[in-house]
Amino acid sequence: MLVVDCKDVLPIRNELLVYVSDQVAAIPTLQNNQFTLSTLDEDEDGGSRIDAGTVVDSIREFLDSIGEGRNFAVIANNDVITIASVTGRPIERDASPSPQEMFNCSHCGFVTRYETELNVHMRIHYF
């Protein structure tokens with residue numbers, strides 16, 4: 001499992017999560033200031049089968065695509081990848097469209113904006 005620390009890029013965390021998880025074929029799990037990436041066939045000792053270098057490249061590619069590549073460093077240290085502002089300023093987005101909370105399934109990583117949809121989805125794990 002890899003942890004991606006997103007403190008400096010929180011406004012784009014959800015978009016980044018979707019992009020990176022698609023690029024590396026991983027299961028994402030949202031957390032407060034970070035997200036994790038894991039695979040279905042993870043090692044018994046908790047080791048990651050996801051290549052950290054590929055994740056770093058995907059994050060850099062995403063940041064470049066939104067014009068922020070030069071403002072952020074992507075640093076991999078063991079199983080933690082940190083996205084740090086080079087200038088000390090985090091990404092800021094307009095507050096007009098309020099960011100919607102995302103809900104995710106603790107069993108399989110399914111992500112949705114709607115709590116009701118998550119509740120319906122959770123039923124497949126218990127029936």
Side-chain angles (χ1 to χ4, degrees):
M1 174 171 44
L2 288 175
V3 176
V4 180
D5 181 2
C6 300
K7 283 181 227 155
D8 288 348
V9 294
L10 279 178
I12 62 166
R13 180 191 58 193
N14 295 344
E15 297 144 51
L16 179 64
L17 172 140
V18 170
Y19 182 81
V20 172
S21 63
D22 282 348
Q23 292 292 314
V24 298
I27 300 169
T29 304
L30 271 175
Q31 297 176 350
N32 285 339
N33 295 323
Q34 62 191 20
F35 63 88
T36 60
L37 298 169
S38 57
T39 61
L40 289 175
D41 57 345
E42 201 162 291
D43 293 342
E44 292 175 8
D45 63 353
S48 173
R49 292 180 186 257
I50 302 171
D51 180 36
T54 306
V55 174
V56 168
D57 290 342
S58 295
I59 294 169
R60 286 185 179 146
E61 188 176 295
F62 180 81
L63 291 172
D64 286 340
S65 74
I66 61 170
E68 294 286 349
R70 292 184 175 197
N71 298 327
F72 291 89
V74 182
I75 305 157
N77 185 12
N78 296 328
D79 287 341
V80 178
I81 298 172
T82 305
I83 305 169
S85 174
V86 174
T87 61
R89 290 183 29 223
I91 286 184
E92 296 176 0
R93 290 266 174 109
D94 293 337
S96 52
S98 63
Q100 295 190 3
E101 186 175 344
M102 299 292 284
F103 300 93
N104 69 340
C105 176
S106 58
H107 299 291
C108 69
F110 172 76
V111 179
T112 181
R113 290 185 180 181
Y114 308 104
E115 187 174 13
T116 306
E117 185 176 8
L118 176 65
N119 292 335
V120 169
H121 166 81
M122 291 291 281
R123 293 179 187 167
I124 69 168
H125 296 292
Y126 298 107
F127 294 108

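None of the values given here were measured: they were computed from a predicted structure.
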Determine, step by step, whether Leu30 and Arg13 satisfy the side-chain contact (heavy atoms from CB on, under 4.5 Å) criterion, reporting the C-alpha distance in whole Å, the side-chain angles of both residues, the deciding distance to 0.1 Å, and the verdict.
CA-CA 9 Å; Leu30 271 175; Arg13 180 191 58 193; 3.5 Å; yes
Can you tell me how far [atom2] of [Y] sits from [atom1] of [X], rounded to the nearest 0.5 angstrom?
{"X": "Leu17", "Y": "Asp22", "atom1": "CG", "atom2": "CG", "result": "9.0 Å"}
{"X": "Gln34", "Y": "Leu10", "atom1": "CD", "atom2": "CG", "result": "10.5 Å"}
{"X": "Ile27", "Y": "Phe35", "atom1": "CD1", "atom2": "CZ", "result": "14.0 Å"}

Tell me the closest heavy-atom pair linking [X] and [Y], and the distance in Å.
{"X": "Phe110", "Y": "Glu117", "result": "CZ-OE2, 3.9 Å"}
{"X": "Gln31", "Y": "Thr36", "result": "NE2-CG2, 3.8 Å"}
{"X": "Asp8", "Y": "Ser85", "result": "OD2-N, 2.8 Å"}
{"X": "Phe72", "Y": "Arg89", "result": "CZ-O, 3.9 Å"}
{"X": "Ser58", "Y": "Val24", "result": "OG-CG1, 4.1 Å"}
{"X": "Ala26", "Y": "Ile50", "result": "CB-CD1, 3.6 Å"}

Would you call [X] and [Y] a side-chain contact if the rule is heavy atoms closer than 4.5 Å?
{"X": "Cys105", "Y": "Met122", "result": "yes"}
{"X": "Ile83", "Y": "Leu16", "result": "yes"}
{"X": "Ile124", "Y": "His107", "result": "no"}
{"X": "Asp57", "Y": "Glu61", "result": "no"}
{"X": "Ser21", "Y": "Leu37", "result": "yes"}
{"X": "Val74", "Y": "Val55", "result": "no"}
{"X": "Val111", "Y": "Asn14", "result": "no"}
{"X": "Glu68", "Y": "Ile91", "result": "yes"}

Would Val3 end up clustered with Leu63 when hydrophobic side chains under 4.5 Å apart are linked, directly or stepwise?
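Per the 4.5 Å side-chain linkage, Val3 and Leu63 are not co-clustered.
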Are Ile66 and Val20 connected in a single hydrophobic cluster, I mean Ile/Leu/Val/Met/Phe/Trp/Tyr linked by side-chain heavy atoms less than 4.5 Å apart?
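Val20 clusters together with Ile66.
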If you apply the rule side-chain contact (heavy atoms from CB on, under 4.5 Å), what do you find for Ile81 with Ile59, and how did you get there?
CA-CA 10 Å; Ile81 298 172; Ile59 294 169; 3.9 Å; yes
Using modelled atom types and a 3.5 Å cut-off, is there a donor and acceptor pairing between side-chain atoms of Thr82 and backbone atoms of Ala84?
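No; zero donor-acceptor contacts below 3.5 Å.
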Return yes if some donor-acceptor pair links the side-chain N/O of Arg70 with the main-chain N/O of Val86 below 3.5 Å, else return no.
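No, because the side chain of Arg70 does not come within donor-acceptor range (under 3.5 Å) of the backbone of Val86.
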